[in-house]
Amino acid sequence: MEHALSLFVRSIFVDNMIFAQFLGMCSYLAVSKNVKTSFGLGIAVTFVLVATLPINYLLQVHVLQPGGIFGDMDLTFLSFILFIAVIAAFTQLVEMVVERFSPSLYSALGIFLPLIAVNCAILGGSLFMQQRINYSPDDTRAILSVWDSIVYALGAGLGWMMSIVALSAIREKMEFSNVPKPLQGLGIVFITTGLMAMAFMCFSGLKI
């Protein structure tokens with residue numbers, strides 16, 4: 001339980017997908033114009049991470065790695081194809097659900113909802129999982145079971161959602177601020193993101 005808690009906290013703050021890994025920046029910058037849309041996208045990204053990462057963990061351990069169902073055959077070169085196929089399938093499911101139950105959110109997210117399939121934060125989660133399987137059990141970053149993969153996916157998703165919601169809240173306030181003309185638009189957003197990333201560096205030495 002202690003390992004799961006440490007993994008969860010690390011994935012939100014220490015190994016944050018946005019501020020530590022800088023993954024998923026395209027949708028992070030483009031969609032973070034209002035809190036409601038950002039929250040909806042954050043929920044979708046978290047759901048896809050939680051749904052796909054355990055499946056990709058099982059594929060990695062029982063199919064791709066030597067010692068799986070194919071014996072000593074090493075099929076890890078297929079990991080990109082299989083991981084993306086699983087992510088794309090669940091992204092299509094999320095897209096259909098959002099379109100059915102929240103057409104306004106579907107319209108607000110636009111092209112960035114189907115692009116969850118190629119969101120580098122989601123694929124990055126599976127690739128980090130692939131690395132962490134081989135970590136020492138004493139390492140707080142290690143992913144040693146399906147449960148660990150779910151905990152890591154949930155933490156990574158919540159960290160990404162927290163980051164985009166925080167930026168969108170700041171951007172809504174900046175609409176009423178006197179931003180210098182050369183910095184208006186993405187200029188001030190890049191500066192704000194950099195400052196937020198610097199603030200998150202205070203968690204880099206956190207150990208649980």
Side-chain angles (χ1 to χ4, degrees), residues 1-29 31-32 38-39 41-61 64-65 76 79-80 83-84 86-87 90-91 115-170 189-190 192-208:
M1 189 64 183
E2 290 181 5
H3 177 76
L5 178 61
S6 177
L7 184 64
F8 179 72
V9 174
R10 282 189 62 93
S11 60
I12 295 177
F13 297 104
V14 182
D15 302 321
N16 186 277
M17 285 291 186
I18 291 291
F19 299 131
Q21 310 295 344
F22 299 102
L23 296 177
M25 294 297 293
C26 51
S27 51
Y28 172 77
L29 295 172
V31 179
S32 58
S38 299
F39 184 74
L41 182 61
I43 291 291
V45 168
T46 303
F47 172 79
V48 173
L49 270 170
V50 172
T52 59
L53 212 145
I55 296 175
N56 288 338
Y57 172 86
L58 294 173
L59 285 173
Q60 175 66 25
V61 172
L64 300 175
Q65 282 188 171
T76 51
S79 59
F80 271 65
F83 291 172
I84 291 175
V86 171
I87 291 168
F90 275 91
T91 299
L115 283 181
I116 290 177
V118 290
N119 188 324
C120 50
I122 295 176
L123 180 58
S126 291
L127 296 180
F128 289 143
M129 171 274 298
Q130 190 179 38
Q131 290 180 333
R132 294 177 179 211
I133 286 174
N134 301 316
Y135 283 8
S136 167
D138 297 330
D139 195 325
T140 55
R141 299 171 297 170
I143 295 178
L144 308 172
S145 63
V146 174
W147 169 246
D148 284 350
S149 69
I150 294 173
V151 169
Y152 173 69
L154 180 61
L158 290 177
W160 197 91
M161 181 173 68
M162 178 185 66
S163 303
I164 192 171
V165 169
L167 180 63
S168 64
I170 294 172
V189 174
F190 276 117
T192 305
T193 301
L195 292 173
M196 294 171 71
M198 290 173 63
F200 260 71
M201 287 178 65
C202 68
F203 297 114
S204 60
L206 182 64
K207 293 183 181 180
I208 301 177

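Here, residue 1 is the first one in the sequence, and each next residue gets the next number. All of these numbers come straight from a predicted model, not from anything done at the bench.
- With contacts defined as side-chain heavy-atom distances shorter than 4.5 Å, the pair I170/M196 qualifies.
- Not counting sequence neighbours, M201 has no partner by the side chain to side chain contact (heavy atoms under 4.5 Å, CB included) test.
- Checked by atom type and distance alone, the side chain of N56 never pairs as donor or acceptor with a backbone atom of S126 at under 3.5 Å.
- The shortest distance between side-chain heavy atoms of S79 and Q130 falls below 4.5 Å.
- Counting heavy atoms from C-beta on, the side chains of V146 and S149 come closer than 4.5 Å.
- Annotation: salt bridge (charged side-chain N to carboxylate O under 4.0 Å, His left out) contacts involving residues 140-150, sequence neighbours excluded, comprise D139-R141.
- Tested against L167, the residues I18, V31, T192 include a single side-chain contact (heavy atoms from CB on, under 4.5 Å) partner, T192.
- Under the 3.5 Å distance criterion, the side-chain polar atoms of S11 are matched with a main-chain donor or acceptor of L7.
- In this structure, Y28 contributes its side chain and L23 its backbone to no donor-acceptor pair below 3.5 Å.
- Between I164 and F39 there is no side-chain heavy-atom pair separated by less than 4.5 Å.
- By the side chain to side chain donor-acceptor pair (under 3.5 Å) test, T193 pairs with no residue at all, sequence neighbours left out.
- When atom types are taken as modelled, the side chain of S38 and the backbone of V165 share no donor-acceptor pair closer than 3.5 angstrom.
- By the 6.0 Å contact criterion, OH on Y135 is enclosed, its count of non-hydrogen atoms from other residues, nucleotides or ligands being greater than 12.
- At distances below 3.5 Å, not a single donor-acceptor pair connects side-chain atoms of S6 with backbone N or O atoms of H3.
- Counting heavy atoms from C-beta outward, F128 and M17 have side chains that approach closer than 4.5 Å.
- Classification of the F13-F203 ring pair by plane angle, with boundaries at 30° and 60°, yields tilted.
- Looking at heavy atoms from C-beta onward, Y57 lies in side-chain contact with I133 at the 4.5 angstrom threshold.
- Residues I12 and M162 form a side-chain contact, since some pair of their non-hydrogen atoms from C-beta on lies under 4.5 Å apart.
- The shortest distance between side-chain heavy atoms of L64 and F83 falls below 4.5 Å.
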